[in-house]
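This report concerns only the one structure given below.
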Amino acid sequence: MKNLKEKAYNENNSFVIALDGPSASGKGAIGRMLASEFNLKYVQSGIVYRSLAYLCIVNNIDVADVKKIIEFSKTDHLVELAKEMDLNQESIGNYASKISTIPEVRTNINKYLILMIKTYPRIIMEGRDIGTVIAKDADLKIFITADVNKRAERRYKQLQEEGKKCKLEDILQLLKERDLRDSMRIADPLMVASDAFVIDTSNMDQQEVIAEIKNYIELS
């Protein structure tokens, strides 16, 4: 049986990483860096939910109209339909967080995500429930977290750099609400897989996080 190090560094092997954690914990940047490091397909499950949220918003579907949202979640090529749009907006993220609590929506989107795992032998998928639901048999499960105040500061800085108007206190409040929704929802709540490697990035930069993950892989 191939060990983790062999799977990671030998590109002839299949290698699946499940990367989970709360909003604004730094998963995106870390996920892209790991994808580059180990030549993996990088997939953000959150983009699928944000694409669905965007399509609902532009079609004036109220967040409480569960029936219509479920129907839209069956749409093929959700990501492609919103490909050219700026999905990194707090309004879209907040809408996506709310509709992600709908069990039927999660069921429909999970089918798409599981197909992605089966399609690409070397892949890193990032989200909230990848290690516990989508890729339970992933070769490596990583759970990245950080203090909510630190996460709010990072998101605020990111949005400021993108020229988007926002208030730090508003972002902090939204993150707290999302954390509560993600952890308390009935369908596939945010939780740490029992076999996940947990990293608190509150006082770490991206290079330090990558170094810690690589060290974990090499010692496993």
What pair of heavy atoms forms the shortest contact from Ile144 to Pro22, and how long is it?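 Smallest interatomic distance, heavy atoms only, reads O-CD, 3.2 Å.
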Compare every heavy atom of Ala53 with every heavy atom of Ile92, then report the nearest pair and how far apart it is. O-CB, 3.8 Å
Dump the intermediate steps for side chain to side chain contact (heavy atoms under 4.5 Å, CB included) on Gln158 and Asn88, then the final yes or no. CA-CA 10 Å; Gln158 177 188 9; Asn88 189 29; 3.2 Å; yes
Determine all donor-acceptor pairs shorter than 3.5 Å in which one atom belongs to a side chain in residues 110-119; sequence neighbours excluded.
{"from": "Asn110", "atom 1": "ND2", "to": "Arg106", "atom 2": "O", "distance (Å)": "3.3"}
{"from": "Asn110", "atom 1": "ND2", "to": "Asp188", "atom 2": "OD2", "distance (Å)": "3.1"}
{"from": "Thr119", "atom 1": "OG1", "to": "Leu115", "atom 2": "O", "distance (Å)": "2.7"}

Would Asn3 and Glu6 count as a side chain to side chain contact (heavy atoms under 4.5 Å, CB included) if you check the C-alpha gap in whole Å, the side-chain angles of each, and the deciding distance to 0.1 Å? CA-CA 5 Å; Asn3 61 31; Glu6 186 178 355; 3.2 Å; yes
How about NZ on Lys136, more than 12 heavy atoms from neighbouring residues, nucleotides or ligands closer than 6.0 Å, or not? no
A quick test of your reading: do over 12 heavy atoms of other residues, nucleotides or ligands sit less than 6.0 Å from OH of Tyr54? no
Non-hydrogen side-chain atoms of [X] and [Y] separated by less than 4.5 Å:
X	Y	result
Glu212	Met204	yes
Leu140	Ile17	yes
Ile134	Ser45	no

Sorted by first residue and then second, give each salt bridge (charged side-chain N to carboxylate O under 4.0 Å, His left out) pair with at least one member in residues 190-202; sequence neighbours left out.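 Checked against salt bridge (charged side-chain N to carboxylate O under 4.0 Å, His left out) - neighbours excluded - the pairs reaching residues 190-202 are Lys141-Asp195.
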For the ring pair Phe197 and Phe143, is the centre-to-centre distance below 6.0 Å?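 Here the rings of Phe143 and Phe197 have centres that are no less than 6.0 Å from each other.
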Say whether Glu126 and Tyr42, considering side chains only, have a donor N or O and an acceptor N or O under 3.5 Å apart. yes
State whether a side-chain donor-acceptor pair under 3.5 Å links Arg151 with Ser25.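 There is no such pair (donor and acceptor under 3.5 Å, judged by atom type) between the side chains of Arg151 and Ser25.
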Run through Arg181, Glu177, Arg178 and flag the one making a side chain to side chain donor-acceptor pair (under 3.5 Å) with Ser97. Arg181
Between Lys164 and Glu162, does any side-chain N to carboxylate O distance fall below 4.0 Å?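 Glu162 and Lys164: salt-bridged.
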Using salt bridge (charged side-chain N to carboxylate O under 4.0 Å, His left out) as the criterion, list what pairs up with Lys41, not counting sequence neighbours.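 For Lys41 there are no salt bridge (charged side-chain N to carboxylate O under 4.0 Å, His left out) partners, ignoring immediate neighbours.
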